[in-house]
Amino acid sequence: MSLNNIIPFSEEQKATPGSCSTRTVTLIVPVYNEEESIQPFLDKVSPVVNGIATGVKFDILFVNDGSRDATERLILSAASCRSDISLINLSRNFGKEAALYAGMCHAKGAAVIPLDVDLQDPPEVIVEMIARWRDGAKVVNACRARRPGDSWLKKATANAFYRVFNTLAEQPIPRGVGDFRLFDREVVQAICQLGERSRFNKALFSWVGFEAEEITYERPARAAGETRWSYWKLWKLALDGIFASTTVPLRIWTYFGIFMALVSLAYSAVILGNTLLFGVDVPGYASTLILILVFGGMNMFALGIIGEYIGRIYTEVRQRPVYIIRSLHPSTETEV
Ligand code: UDP
Ligand code: MG
């Protein structure tokens with residue numbers, strides 16, 4: 001992505017918090033085969049955000065991430081009678097991380113809030129986010145105090161991931177905070193400059209820095225439909241997150257290699273001593289086989305880790321765009 005795609009500051013966007021001019025906040029909503037959720041989302045979100053204090057108005061930017069159902073038609077029909085709804089159609093399913101990036105690069109608001117369409121990010125929380133933003137916060141994180149809508153397996157694997165990630169990564173990610181956050185335009189500009197292909201938004205959001213305020217909420221179950229994230233997709237995202245954010249897994253093998261070299265040296269000295277003192281000792285089949293198998297396995301594992309990084313380097317050097325836009329509605333927006 002070139003920096004040309006990033007919407008520059010407008011006079012409205014530059015207005016300082018607390019000033020009297022009306023500022024726009026863009027709700028970015030990535031959608032993938034969500035036909036049953038579009039209308040309930042609009043019915044619930046619009047009254048809440050439109051009831052928020054004067055001085056702020058909202059627009060909704062849907063990013064259709066290659067849906068094959070009636071999602072696009074339903075959004076366009078809602079947009080036909082409302083000027084505050086716009087839509088980006090991606091040319092295929094690029095994944096939520098890319099869809100959110102597309103939305104951020106095209107959002108025009110002085111602040112943006114990424115929001116899931118399934119109402120798992122309760123719109124009532126936006127009221128508090130806006131209050132904090134108007135008091136000067138650049139980032140407001142919505143932290144899930146409880147998530148009764150998610151299975152124990154999802155919660156356990158998520159916890160394990162946070163523990164591993166925060167042990168390895170230089171820049172920790174806050175526990176229990178998803179993509180549901182408010183970002184001031186200044187922060188959006190910074191995030192949009194990170195055009196990497198293996199995207200893990202939570203890590204990128206932390207990496208750009210800026211002081212974040214936190215509010216807590218209870219995350220409900222999905223209002224309609226099923227999660228679009230299979231465990232396989234989540235696993236791939238977790239690997240992307242770790243390998244894109246830290247080189248510690250590579251470094252571990254340097255230290256492990258040094259340790260094993262020292263152990264091998266000591267063991268060689270013992271064998272040499274034994275042979276010199278007591279003569280040639282032929283038996284040793286079991287220990288030889290164990291060493292071959294253990295070291296063979298470790299080599300494969302280390303190669304696999306190196307492969308993970310090489311694969312990502314390959315993806316980066318190809319310099320393909322993170323997403324491709326099929327169409328924009330209204331079509332007056334800047335095309336990629
Ligand atoms: N989503 C998307 N592309 C994908 C998968 C999901 O745009 O490839 C959207 C989805 O339509 C929803 C949001 O991302 O608005 C969160 O997805 P989901 O609710 O399935 O995730 P979960 O809440 O289970 O983590
Ligand atoms: Mg959801």
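Read the numbers this way: they start at 1 and go in the same order the structure lists the ligands and their atoms. What's counted below: heavy atoms across the whole structure, side chains too, no hydrogens, waters or symmetry copies.
- Ionic pairing of Glu214 and Arg132 is not present here: no N-O contact between side-chain nitrogen and carboxylate oxygen is shorter than 4.0 angstrom.
- Using cut-offs of 30° and 60° for the angle between ring planes, the Phe200 and Phe165 rings count as tilted.
- In this structure, Arg92 satisfies the cation-pi test against Phe94, with its NZ or CZ atom closer than 6.0 Å to the six-membered ring centre and inside 45 degrees of the ring normal.
- Among the atoms of Asp118, an N, O or S atom falls under 2.8 Å of the Mg ion (ligand 2).
- Taking the ring axis of Tyr314 as reference, the NZ or CZ atom of Arg318 stays within 45° of it and closer than 6.0 Å to the ring centre.
- When ring centroids are compared, Phe205 and Phe183 come within the 6.0 Å threshold.
- Pocket lining of ligand 1, defined as residues with a non-hydrogen atom under 4.0 Å away: Pro30, Val31, Tyr32, Glu34, Asp65, Asn93, Gly95, Lys96, Asp116, Val117, Asp118, Gln120, Lys154, Arg219, Arg222, Thr227, Arg228, Trp229, Lys233.
- By the 4.5 Å heavy-atom criterion applied to side chains, Arg199 and Lys96 are not counted as neighbours.
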